[in-house]
Amino acid sequence: LVERGRVHACHDVSDGGVLQALLEMSFASGAVLGFEAVRPPARGGVAADLAWFSEEPAFLVEVAAEDAETLLAALSDAGVLARALGEVTTGALRLREGTGDRAGVELDRGRLFEAWSSALAGAFVVREEALA
């Protein structure tokens with residue numbers, strides 16, 4: 001799918017977990033795209049509500065809806081554990097507990113983006129001079 005140009009975005013899951021990766025993918029869209037995602041399964045004795053923050057190595061891959069089954073089948077054939085997490089939306093950032101959860105929780109994009117984009121501001125000195 002990557003070679004055919006069918007992968008729209010891909011992000012590693014690391015510091016901050018699945019939710020952080022989802023947010024960073026959304027922020028990279030220029031605040032145009034959002035998501036509706038179902039909580040990932042809790043693994044290894046992790047409490048269900050902490051599964052959003054699991055830093056277990058993984059990747060989030062965004063493909064068009066018509067390519068999702070092809071991607072999941074290819075990953076399964078390769079022995080890779082994979083599941084659909086949700087879908088891209090046109091703005092809202094919504095977390096759901098399961099597929100039957102219609103209400104979910106909507107996140108405040110502006111507040112989260114501000115916290116994310118300014119988190120390291122105090123750790124760096126910005127100089128407006130050319131590097132030699």
Side-chain angles (χ1 to χ4, degrees):
L1 289 173
V2 170
E3 290 173 355
R4 294 192 332 247
R6 305 296 293 177
V7 172
H8 297 214
C10 183
H11 196 309
D12 66 308
V13 174
S14 58
D15 294 343
V18 173
L19 182 54
Q20 182 68 31
L22 282 168
L23 289 169
E24 289 176 0
M25 290 174 82
S26 176
F27 296 157
S29 77
V32 174
L33 300 177
F35 55 81
E36 288 199 19
V38 174
R39 180 180 42 80
R43 296 168 36 108
V46 172
D49 57 340
L50 296 179
W52 290 110
F53 306 101
S54 171
E55 295 176 347
E56 183 175 6
F59 287 93
L60 297 180
V61 180
E62 177 193 342
V63 296
E66 61 267 16
D67 291 328
E69 285 188 34
T70 301
L71 175 63
L72 290 171
L75 291 171
S76 177
D77 290 348
V80 176
L81 179 62
R83 67 185 280 289
L85 187 64
E87 61 185 44
V88 175
T89 66
T90 55
L93 308 178
R94 184 170 299 279
L95 304 178
R96 300 186 188 285
E97 284 300 307
T99 55
D101 177 11
R102 291 290 167 226
V105 173
E106 190 161 333
L107 304 175
D108 183 332
R109 175 195 298 277
R111 191 171 63 100
L112 290 168
F113 180 77
E114 177 61 30
W116 173 78
S117 63
S118 64
L120 295 176
F124 297 98
V125 175
V126 177
R127 299 181 188 165
E128 294 193 26
E129 58 189 58
L131 295 175

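Every heavy atom of this structure was used, including side-chain atoms; hydrogens, water molecules and symmetry mates were not. As the structure is a prediction and not an experimental result, all values here were calculated from the model.
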side-chain contact (heavy atoms from CB on, under 4.5 Å) against Ala9, all qualifying residues, sequence neighbours excluded: Met25, Glu62
Spacing of CZ belonging to Phe59 relative to CG belonging to Leu75, to within rounding of 0.5 Å: 11.5 Å
Inter-residue atom distance Asp67.CG - His8.NE2, 0.5 Å rounding: 6.5 Å
Gap between atom CG of Asp108 and atom CD of Glu114 - 0.5 Å precision: 11.0 Å
Least distance between heavy atoms, Ala51 atom then Pro40 atom: CB-O, 3.3 Å
Separation of Arg109 CZ from Leu23 CG (nearest 0.5 Å): 8.5 Å
Side-chain donor or acceptor of Arg94 paired with backbone N/O of Ala103 under 3.5 Å: yes
Verify same cluster id: Val18, Leu112 (apolar side-chain graph, 4.5 Å): yes
Closest approach of Arg83 to Arg39 (non-hydrogen atoms, all atoms of both residues): NH2-O, 3.7 Å
Approximate separation, where rounding is to 0.5 Å, of Leu19 CG and Ser54 OG: 12.0 Å
Shortest non-hydrogen contact from Ala42 toward Ala48: CB-CA, 3.8 Å
Ring geometry between Phe27 and Phe113 (parallel below 30°, tilted from 30 to 60°, perpendicular above 60°): perpendicular
Greater than 12 external heavy atoms within 6.0 Å of Glu69's CD: no
Joint cluster assignment, Leu120 & Trp116, ILVMFWY side-chain distance < 4.5 Å: no
For Leu33 against Ser26, the heavy-atom pair lying closest together: O-OG, 2.6 Å
Salt bridge (charged side-chain N to carboxylate O under 4.0 Å, His left out) pairs, two or more places apart, involving residues 25-37: Glu36-Arg96
Residue pair Phe35 / Leu93, side-chain heavy-atom distance below 4.5 Å: yes
Rounded distance [0.5 Å steps], CG in Leu22 versus CG in Leu60: 5.0 Å
Over all atoms of both residues, closest heavy-atom pair of Val13 and Glu56: CG1-O, 3.8 Å
Cluster check Leu85, Val105: I/L/V/M/F/W/Y, side chain < 4.5 angstrom: yes
